[in-house]
Amino acid sequence: MKKVYKKIITLEIFLLTILLFNSFVFKMSNIYEVTLLLVPFLVLMIVLTGFEKENFRNKKDVLLNIIIFVLIYYFITYLLGLFTGFIKTSYSLSIINIIKNIFPVILLIIVSELLRYEFFTKSKGNIPCFVIGYILFVIIDVNLSIHIYDVTSYLGLTKMICLVVFPSITKNIFLIHLTRKVGYSNAIVYRLLTDLSTYLLPLFPDFGEYINVLLKTVLPIVIMVKINNMFDYFESRKIKTSRYNSRKLVLYSGITALLFVIVILTSGLFTYQALTIGSGSMSPKIEKGDIVILRKVKKSELRTIKKGDVLVHNHDNKIIVHRVVEILNNNGKINYITKGDNNDTKDSWIIKEDEVIGIVKLKIKYLGMPTVALNELLNR
């Protein structure tokens, strides 16, 4: 065995031992702590084996495909979220907190992907180096999540295997393959696109944790298959320049824009919000299965609401969309009485100021029908 392989295996085994010991004894899962464990080994690898700059053909083509596939993944999942519902992020979206949240993640991604690049490009397919290195990167993911699960119980261990280990297996196979083919920068971009969304997006499709994990497990496999097909194409055609033109850029730019619109309209965190109508009380103006776009009304804007406006408000923990038929002024406070266009009588409740959500500004016919059908099926 070559000396360089022995050096790599020695470092891999040493780091793997530390991570395993940490997993079951110290259980340090703070991102900074895990990153600090990796940094000395990255430095040692560079000192012992040197650092080679990326010099891979077709790197840009692969990068473009990664961006497109990740954006398509987000677009499809958020589109499905219109049918299953969304859950809001538990992280603060203020600029300062976003920076605090994403900085250690970015740091970890860069350090771990540079370390992956050093291990797997210098080992050049040596099987012991590959196997130990692969296990090592799966254990890094375990270290980051082990504090969440009680691995001393069968249920906790099973959940950790299903929710952490399984997606880590496919993710790391893909990242190792990607690193060996086109270097570390594409792997960093992929992880930034997939890992930072947790801290940057205001809401996520409510598929349940197991479906989410299944999707995250499948995504790297799909991209890896696509990339392999690309390299087969390159090798057979001996292409030296990119075969992608501006149409590809238009495609993923359009996907990004659509994703952005979906997030804005479904999050409830912005001025405009999308809402699916689940009853026929506003027929024929607004039918069951239509989607309405509402504009949120601030407290200072309540007096701009007038008779005839379609008001969106909370009542008994339900969102109601009915037309304003009467406005009351009770000791300086504005109250509203509404009625569904298709109802014979006014609503029996009075809407207070703090129950007002917004005013309907636009409707899109039939787009919400799948959401209504799914909800009715689930509530039978």
side-chain contact (heavy atoms from CB on, under 4.5 Å) filter on L214, not counting sequence neighbours, yields V218
Could you pull out all donor-acceptor pairs under 3.5 Å where a side-chain atom in residues 307-321 meets a protein atom, sequence neighbours excluded?
from: D309; atom 1: OD2; to: K306; atom 2: N; distance (Å): 3.0
from: H313; atom 1: NE2; to: W349; atom 2: NE1; distance (Å): 3.2

Cluster overlap L200 with Y91, hydrophobic side-chain contacts below 4.5 Å:
yes
Evaluate L144 against I31 for side chain to side chain contact (heavy atoms under 4.5 Å, CB included), listing each step before the verdict.
CA-CA 7 Å; L144 293 168; I31 293 180; 4.1 Å; yes
Is the F130 ring parallel, tilted or perpendicular to the F120 ring (thresholds 30°, 60°)?
perpendicular
Is it true that a side-chain atom of S283 and a backbone atom of G280 form a donor plus acceptor pair closer than 3.5 Å?
no
Do S281 and N342 have a side chain donor and acceptor closer than 3.5 Å?
no
Donor-acceptor pair, E113 side chain versus I110 backbone, under 3.5 Å?
no
Flag the pair D344 and K339 as a salt bridge only when some basic side-chain nitrogen lies within less than 4.0 angstrom of an acidic carboxylate oxygen.
no
Check for a donor-acceptor pair, side chain of N212 on one end and backbone N or O of G208 on the other, with a separation under 3.5 Å.
yes
Do other residues, nucleotides or ligands put more than 12 heavy atoms under 6.0 Å from the NZ atom of K216?
no
Step-by-step side chain to side chain contact (heavy atoms under 4.5 Å, CB included) determination, Y117 to E52
CA-CA 10 Å; Y117 175 73; E52 298 177 8; 4.2 Å; yes
Would you say that more than 12 heavy atoms from the other residues, nucleotides or ligands in this model lie under 6.0 Å from the NZ of K365, or not?
yes
Please check: side-chain N/O of K226 versus main-chain N/O of F69, any donor-acceptor pairing under 3.5 Å?
no
Do H322 and D341 have side-chain atoms, one donor and one acceptor, less than 3.5 Å apart?
no
Ring of F137, cation from R116 - is the NZ or CZ under 6.0 Å from the centre and inside 45° of the axis?
yes
Spell out, yes or no, whether I359 and L294 are grouped together once hydrophobic residues are joined by side-chain heavy atoms under 4.5 Å, including indirect joins.
no
Can you see which heavy atom on Y74 is nearest to which on T194, and at what distance?
OH-CA, 3.5 Å
Return the set of residues passing side-chain contact (heavy atoms from CB on, under 4.5 Å) with T217 (not counting sequence neighbours), or none when no residue passes.
P167, T170, V213
Candidate pair E326 and Y336, rule side chain to side chain contact (heavy atoms under 4.5 Å, CB included), full reasoning:
CA-CA 6 Å; E326 193 173 344; Y336 306 91; over 6 Å; no
Kindly indicate whether the side chain of I364, heavy atoms from C-beta on, has any atom under 4.5 Å from the side chain of D290.
no
Got a donor-acceptor contact below 3.5 angstrom from the K181 side chain to the K59 backbone?
no
Is a side-chain donor-acceptor pair under 3.5 Å present for N335 with N329?
no
Going by atom types alone, do S112 and R191 pair a side-chain donor with an acceptor below 3.5 Å?
yes
Side-chain contact test, heavy atoms from C-beta onward, threshold under 4.5 Å: evaluate it for T198 versus T89 and give yes or no.
no
With a 4.5 Å cut-off on side-chain heavy atoms, are V325 and K346 touching?
yes
Look at the side-chain heavy atoms of Ile, Leu, Val, Met, Phe, Trp and Tyr, link any pair under 4.5 Å apart, and say whether I139 and L175 land in one connected group.
yes
Expected output: side-chain S153 to main-chain G156 donor-acceptor under 3.5 Å:
yes
Pair S279-K288, side-chain donor/acceptor within less than 3.5 Å:
no
Checking N126 against S123: is there a side-chain donor and acceptor pair closer than 3.5 Å?
no
Determine, using ring centers only, whether Y190 and F174 are less than 6.0 Å apart.
yes
Counting heavy atoms not belonging to F14, are there more than 12 under 6.0 Å from its CZ?
no
Hey, quick one: are L107 and L36 part of the same hydrophobic cluster, counting side-chain heavy atoms closer than 4.5 Å, chains of contacts allowed?
no
Given I293 and V360, is the side chain to side chain contact (heavy atoms under 4.5 Å, CB included) satisfied, shown in steps?
CA-CA 6 Å; I293 307 298; V360 170; over 6 Å; no
